[in-house]
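In what follows, chains carry the letters A, B, and so on, assigned in the order in which the sequence lines appear, proteins first and then strands, with residues in each chain numbered from 1.
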Amino acid sequence: MPDDTPPFRYTAALAAGIESRWQDRWDADQVYRAPNPGEPGFDAAQPKLYVLDMFPYPSGAGLHVGHPLGYIATDIFARYQRMLGKNVLHAMGYDAFGLPAEQYALDTGTHPRVSTEKNVANFRRQLRRLGMGHESRRGVSTTDVSFYKWTQWIFLQIYGSWFDPAQGRARPIAELVEEFERGTRSAPPAAKPWDRSNAQERAALIDSYRLAYLADVNVNWCPALGTVLANEEVTSEGRSERGNHPVFKRPMRQWMMRITAYAERLLSDLEGVDWPEPIKLMQRNWIGRSEGAFIDFECGKRRLRVFTTRPDTLAGATYVVLAPEHPAVDELVAARWGETVPESWRGRALEGGGAAGAFATPGEAVEAYRAAAARRSDLERQSDARDKTGVFIGAYAVNPSTGERLPVFIADYVLPGYGTGAIMAVPAHDQRDFDFARQFGLPIRDVLYPRTVLAMRHFCGAATEEERRGEMWFTVLADFLGYVTSNSIGPEGFADALALIRSRPRRTEDDPTRLTLETAQLVSDVPGALGGRRGSVRVTWQEALEDFGFSSFDELCAWFGERAFYARTGAAFAGDGYAVAPAELEGLATGEARRRMGTLIEERGHGRATVQYKLRDWLFSRQRYWGEPFPIVYEEGDAKNERPIPLPEHMLPVELPEIDDYRPLATDDPSAAPRPPLGRAREWAHLTLDLGNGPRRYRRELNTMPQWAGSCWYYLRYLDPANERAFVDAQTERYWMLSRRGGAGGSAAAEGERFAPGLHHSGGVDLYVGGAEHAVLHLLYARFWHKVLFDLGHVSTPEPFGKLFNQGYIQAPAYTDERGVYVEAARVSEDAASPGTFLYEGRPVRREFGKMGKSLKNVITPDDVCAEYGADSMRLYEMYMGPLEQSKPWNPRDIVGVHRFLQRVWRGMIDEESGAATVSEAELPEETRRTLHRTIEGVRRDFEVLSFNTAIAKLIELNNHLGKAFAGQPMPRAAAEPLVLMLAPLAPHIAEELWSRLGRAGSVVRERFPEADPAMLTQETVELPVQVAGKVRGRVVVAASADESAVRAAALADEKVAAFLAGKTVHKVIVVPGRMVNIVAS
RNA sequence: GGCCCCGUGGCGGAACGGCAGACGCAGCGGACUUAAAAUCCGCUGUCGCGCAAGCGGCGUGUGGGUUCGAGUCCCACCGGGGCCACCA
């Protein structure tokens, strides 16, 4: 069959030729080079812009179409900004250390360095194929020796500093030593005074202040990976995020980073950055600040310190709970049970341990409970979180508010690492305490109520104390009142609620804690109880009101003091309420009561106000091969790693040694000792050094740094990738990070306006794009390092990333067979006989949509898409799918739409037979000029806010317009060229080709983006819709400058409108100039 | 369980509180072809009336509210997704 496709039709084949030719040209001409200060071509007057992507792990599988979504977006944005005349830094590096890279190397039996280099090369090839305008000289990899030398250097900076709480910032450790020497600072009470300490003790004291330190901590040990993991790398099921292996808690001596010192700044500085709110929220939650108080309970001769956020509920505390690991337990545990101690408090010997039954002494019960708690996995603990366990330790503590003797328990629902590891339990106002109290028959004393409940108490005087305590029925009332009022059901509904409350069935045992809203509604469906919300009610609302002594609904509302009641589900716990006990707090709103109680406690010496954080220090060492070695040695003979010795800067880098067997020591045995693979490099691990006191033998630190180390600062190395004297040149750092985007150019500032709000305050990277999966890990660690570097004067901004944008995921269909196992999506086809049925090897499979990736076997590679349609079509499609921040399904059928668009653009100005441009030099007709300028204006606006889907739609519209306007005749150059330039950021290859075929020399990369003529955006006449009672009934054309009365007259005069107004009185005419008219008539 | 985000045609999605469904896909009809593909033109939320141009009703998950006017703002519910999950 003869192929009659014209030789210059824009097909995949033609696109492939165009694309590779221009990619070569771009490389050869270095068109993306962004000069640093002092480099050739640098112009201080030119505004700068730093655009950054979260760099990838170069996995062996290569890129799939989900990866470049964000990269394409930043590339378009960067290209657009270059065309506005900015000096744009856009580069792509590789996060190549860490578990995934090492795991891939293990799987394929190659050395990690070899496989990493291969993978990086493959990623680079794939990205180049997509036409990315990355500046290659800045594309560093975290595994480059010249890179990790500086990772080690930064580690030494952190190691060499301490956090001064008085100044709220990190300072060099030498200044701390100096303060001790001079006596301006004294050692903490627990430590020996400085002047009476020996050298070793002084060193230990100093070490205890460092931001990077060795400590025996209860770590997450993952034997299957042969390494410890950070809290952030462990899932809520207690398994490793990588590989899903079991993780065990175990004390080990490890490197830690004192990120907790920065908790407050990491929290408060979120205010100043332009980040998506959900991400900020996740960071806030992770940091987990809570204000509260330490309260001391007398407990025999000891004082037992608890932490609470609700000191105002102290009077409601009816028992005390310690974490099983709490150090005071051994001291407090009683020798024998008291006479009156119930059986259930004494623990239960488990089956297999001989006779089942309560333990003979508290000591035995405690021991058994601790052992059982340690055996229980996190998963088990969570699955039955409502079933509280614990044992009484035989001791009592005195409630400082009531003077009562409260029993002391240990229970694993109290965590050892948070607060003081001890709590006062207030079962009336805390769900967990309530669950525990019910389990153990402990008293429940309520001391505060939502406002509505206080009101309801007045109404329902019939309810006894007993009823309230046992069932916390007030939450039901609160639920229902909130429901009734917020639904604006009105007096009838309110009466319904009252009727329901009075007739509501007793709480049953299987619904022990509280009636939820759903159950309340269920109850309302019970015949006889209420008969439905709108149905027959047993009493009329007047009757109900009269019952309660009100004559009208308004009067009732007035009694409540406000028209809306805020109480909702859980209000009794959450605390928008009023305290009623103890006497000092009577009638105070909770916020006030908390403050008042805090003061009282402090005044009476029972404790003090404090702030606690959930954030823990960062576990910084791993027992793996493929990571940055620590620049740390120990004296030979110091077997327990007691005294780390930092290597001097000139000894950096500490290169990762070549070893044959780099596998981690994986095992199933949770009690096995970690054995870092670097221990096998014997030559490397032991060395002779002269650290100023003569040559001595030293041992190297054998752990490596975690995955996150390199990604904590790579964006700084992009700025100055080849610098051998510093991690980044100070002036260069200031230029790219500190100066405001668009600051120097007048018009540029205006252009950035819509985008700029986030850029005033913190400085840093102007736009950082990446997935939301890094909301806490990478983004928190990087902020921490950046702040340390800022405090030490190495960087000029307190925050690294001024504006953050999260792109969504690309989802793709995935298929499971009857066993629920995923099958190769590429080999599934739709059954032609019955659409909607999908077949894999002739067997039906079930379709679902999920994030594209290896695990769902639904990967589509950009290489395939490029081969079928070309890179420009691929880029355009990914941007056209929908809003960048949204997750959306990959639908290959839709790609032809954007491909056809490019084809039409091409054909509009190129002769498909000869390849010659077919444009005229004619002037544009008025209507076309207006359309063009409206498009320019719209596309610019869309580009500024990364709304590429709508920008493309506008370009398609423009092209459709041009196709119609110049059907059968050449398109004027005055339309063709702006169209090409607007297309250039989105589809750079075809734009370059068209530009050159239109007879223009050079690349479009540095051409100026078209500007809209404001005169072309205003219109002389406008068509306004005219509504009658909110429905469009007609249209009038009026002068754009027409005043309100003219528009009003025109609207009323309209024939159609008049027809609708016939026989009606016009009450009001609303005229929104330039928008519409609405006539209110009856 | 808590917090957060999202519900618009057959599909992806447009829409400063002001003409709902831009643009694309799919579908239908037509032109060009011996034919098909490609390409081009037109139609395409839904129901009713009409031969027709057209006219009208209903429509943004459900129920309320605010407003001259609600996809958009507020409340509740239903459904989907995400994050955290015994943090006192």
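- In the interface, the side chain of K954(A) is not paired with the base of C23(B) through any donor and acceptor atom under 3.5 Å apart.
- If you look at F409(A) and F440(A), their ring centroids are closer than 6.0 Å.
- Across the protein-nucleic acid pair, L876(A) atom CG and C25(B) atom P stand 12 Å apart, rounded to whole Å.
- Judged by a 6.0 Å distance limit and a 45° cone about the ring axis, R1033(A) is positioned over the six-membered ring of F1060(A).
- The gap from the C1' atom of G24(B) to that of U72(B) amounts to 24 Å, rounded to the nearest Å.
- Here the closest heavy-atom approach between residue Q807(A) and residue G771(A) is recorded as OE1-N, 3.3 Å.
- Applying the Watson-Crick and G-U wobble criteria (two distances, each under 3.5 Å), G18(B) pairs with C68(B).
- Listed nucleotides C68(B), C86(B), C40(B) differ in distance to R904(A); the shortest reach to its side chain belongs to C40(B).
- Counting any heavy atom pair closer than 4.0 Å across all strands shown, R284(A) reaches no nucleic acid atom.
- Note on M1076(A): a base of the nucleic acid sits closer than 4.0 angstrom, heavy atoms only.
- Across the protein-nucleic acid pair, H1067(A) atom NE2 and G69(B) atom P stand 13 Å apart, rounded to whole Å.
- Summarising the geometry, the separation between CZ on R900(A) and C1' on C25(B) is reported as 8 Å, rounded to the nearest angstrom.
- For the pair I956(A) CD1 and C25(B) P, the interatomic distance rounds to 8 Å; values are reported in whole Å.
- To the nearest whole angstrom, the two C1' atoms, one in G63(B) and one in G56(B), are 27 Å apart.
- The distance between atom CG of L955(A) and atom C1' of A22(B), rounded to the nearest whole Å, is 14 Å.
- Mapping N960(A) and V1072(A) onto RNA chain B via the closest heavy atom, the residue that lands nearer the 5' end is V1072(A).
- Nucleotide U62(B): paired with A76(B) (Watson-Crick or G-U wobble, both distances less than 3.5 Å).
- Rounded to whole Å, the separation between the P atoms of C73(B) and C84(B) comes to 27 Å.
- Annotation: cation-pi geometry not satisfied between K388(A) and F436(A) (NZ/CZ under 6.0 angstrom from ring centroid, within 45° of ring axis).
- Using a 4.0 Å heavy-atom cutoff across all strands shown, I1070(A) reaches at least one base atom of the nucleic acid.
- Pairing for U39(B) is with A31(B), a Watson-Crick or G-U wobble pair whose two hydrogen-bonding atom distances lie under 3.5 Å.
- Counting any heavy atom pair closer than 4.0 Å across all strands shown, Q903(A) reaches sugar-phosphate atoms only and no base atom.
- Of the candidates A88(B), C86(B), C19(B), the closest approach to any side-chain atom of V414(A) belongs to A88(B).
- With P as the reference atom, C5(B) and C74(B) are 10 Å apart, rounded to whole Å.
- A straight line from CZ of F409(A) to C1' of A88(B) spans 17 Å, rounded to a whole angstrom.
- When the nucleotides A38(B), G18(B), A88(B) are ranked by their closest atom to the side chain of Q1027(A), G18(B) comes out on top.
- Residues H899(A) and Y877(A) place their aromatic rings such that the two centres sit no closer than 6.0 Å.
- A gap of 14 Å separates the P atoms of G21(B) and U46(B), to the nearest Å.
- E957(A) comes within contact range of the sugar-phosphate backbone alone, with a heavy-atom separation under 4.0 Å but no base atom that close.
- In this structure, F901(A) atom CZ and U39(B) atom P are separated by 15 Å, rounded to whole Å.
- Remark: the separation of the P atoms in G1(B) and A70(B) is 35 Å, to the nearest Å.
- In the set C25(B), G24(B), C19(B), C19(B) carries the atom at the smallest distance from any side-chain atom of V1032(A).
- With C1' as the reference atom, U62(B) and U8(B) are 15 Å apart, rounded to whole Å.
- Under the Watson-Crick and G-U wobble criteria, each requiring two contacts below 3.5 Å, nucleotide C51(B) is left unpaired.
- Pair assignment for G1(B): C84(B), on the basis of Watson-Crick or G-U wobble contacts that are both within less than 3.5 Å.
- Residue contacts for F294(A): at a heavy-atom cut-off of 4.0 Å it reaches no nucleic acid atom on any strand shown.
- Spacing between C25(B) and U66(B) at atom C1', rounded to whole Å, works out to 39 Å.
- The side chain of T950(A) contributes no N or O atom lying less than 4.0 Å from OP1 or OP2 of C23(B).
- Under the 3.5 Å distance criterion, with hydrogens and angles disregarded, a donor-acceptor pair is assigned to the side chains of Y413(A) and D433(A).
- Of the inter-residue distances, the one linking R284(A) atom CZ with L270(A) atom CG reads 5.5 Å to the nearest 0.5 angstrom.
- Between the side chains of Y369(A) and T389(A), at least one donor-acceptor pair of N or O atoms lies under 3.5 Å.
- To the nearest angstrom, P of C19(B) lies 17 Å from CG of D1054(A).
- You'll find that the side chain of T308(A) is closest to A88(B), out of C84(B), A88(B), C86(B).
- Contact annotation: K1056(A) side-chain N/O to C55(B) OP1/OP2 distance is under 4.0 Å.
- Judged by distance alone, with hydrogens and angles left aside, the side-chain atoms of K614(A) form no donor-acceptor pair with the main-chain N or O of Y418(A) at under 3.5 Å.
- Nearest-nucleotide positions on RNA chain B place R1075(A) closer to the 5' end than the other of R1075(A) and Y418(A).
- E773(A) and Y809(A) share a donor-acceptor pair across their side chains, judged by distance under 3.5 Å alone.
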I'd like a table of atom pairs between the protein and nucleotides 6-13 of chain B - only N or O on both sides, under 3.5 Å - with the distance next to each one.
from	atom 1	to	atom 2	distance (Å)
G12(B)	O2'	M881(A)	O	2.7

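- The base-pairing partner of G24(B), taking Watson-Crick or G-U wobble contacts with both distances under 3.5 Å, is C11(B).
- Residue L281(A) places its side chain closer to C3(B) than to any other of C3(B), C19(B), C84(B).
- A 4.5 Å side-chain heavy-atom check between L955(A) and F901(A) finds at least one atom pair inside the cut-off.
- Backbone-only engagement by K964(A) is indicated by non-hydrogen atom pairs under 4.0 Å involving sugar-phosphate atoms exclusively.
- R907(A) comes within contact range of the sugar-phosphate backbone alone, with a heavy-atom separation under 4.0 Å but no base atom that close.
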